[in-house]
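Please read the structure below before turning to the comments.
No experiment lies behind these values; they were computed from the predicted model shown.
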Amino acid sequence: MKQYVGLDVSQKETTVCVVDQDGKVLFEGKAPSNPGALAQVIRKWAPDAERIGFETGAMASWLWHELKRIELPVVCIDARHAHAALSVRMNKSAPNCVSAL
């Protein structure tokens, strides 16, 4: 089953949302904003992740490189493009953010 992960990254803590290919929420939670902790959560809740996405920001480059280095399928989305994609949705919730990937 395909799984998709959305990360809402902040300095100390990152919100993680995992949905399946049908948009069903499999996990919603938080983890420390470091690659090791995020990888642990992702591997536990989305071992078959097709894509892991997050918006550009202060930590985006570092996080992208570190997650890519451990061979996770990450994409970094320009914040303006993410906003435009989500603005057409009725509900800007974590599962909807992930489904925009």
Query raised in the report: What distance do Gln40 atom CD and Lys44 atom NZ have between them, rounded to the nearest 0.5 Å?
Result: 8.0 Å
Query raised in the report: Hey, does Asp8 have a side-chain heavy atom less than 4.5 Å from the side chain of Thr14?
Result: no
Query raised in the report: Quick one: salt bridge (Lys or Arg N to Asp or Glu O under 4.0 Å) partners of Lys30, sequence neighbours excluded?
Result: Glu13
Query raised in the report: To the nearest 0.5 Å, what is the distance between CZ (Arg51) and OH (Tyr4)?
Result: 6.5 Å
Report task. Looking only at non-hydrogen atoms, find the nearest pair between Ala31 and Ala37 and report the distance. Result -> CB-O, 4.4 Å
Query - Leu67 versus Pro35, closest heavy-atom pair with distance - result: CD2-O, 3.9 Å
Query raised in the report: What heavy-atom pair brings Phe27 and Val41 nearest, and what distance separates the two atoms?
Result: CE2-CG1, 3.7 Å
Requested in this report: Mark yes or no for whether Ser33, through its side chain, and Ser10, through its backbone, hold a donor-acceptor pair below 3.5 Å.
Outcome: yes
Requested in this report: Might you work through the side-chain contact (heavy atoms from CB on, under 4.5 Å) test for Val75 and Trp64, ending with a clear yes or no?
Outcome: CA-CA 7 Å; Val75 294; Trp64 185 88; 5.6 Å; no
Report task. Heavy atoms only: give me the nearest Arg43-Ile70 pair and the separation to one decimal. Result -> NH2-O, 3.0 Å
Query - Check against side-chain contact (heavy atoms from CB on, under 4.5 Å), Val9 and Leu63 - result: CA-CA 9 Å; Val9 182; Leu63 189 58; 3.6 Å; yes
Requested in this report: Could you walk me through whether Leu7 and Thr15 pass side-chain contact (heavy atoms from CB on, under 4.5 Å), step by step?
Outcome: CA-CA 6 Å; Leu7 304 176; Thr15 301; over 6 Å; no
Report task. May I ask you to decide if Asp48's main-chain N or O and Gln3's side chain share a donor-acceptor pair within less than 3.5 Å? Result -> yes
Query raised in the report: Considering all heavy atoms of both residues, which atom of Met59 and which atom of Gln11 are nearest to each other, and what is their separation?
Result: SD-CA, 3.6 Å
Query raised in the report: Does the side-chain contact (heavy atoms from CB on, under 4.5 Å) test come out yes or no for Ile77 and Thr56, once each step is laid out?
Result: CA-CA 6 Å; Ile77 305 164; Thr56 55; over 6 Å; no
Query raised in the report: Which heavy atom in Val18 sits nearest to a heavy atom in Trp45, and how many Å separate them?
Result: CG1-O, 3.7 Å
Report task. Please confirm whether the backbone N or O of Asp22 pairs with a side-chain atom of Asp20, one donor and one acceptor, at under 3.5 Å? Result -> yes
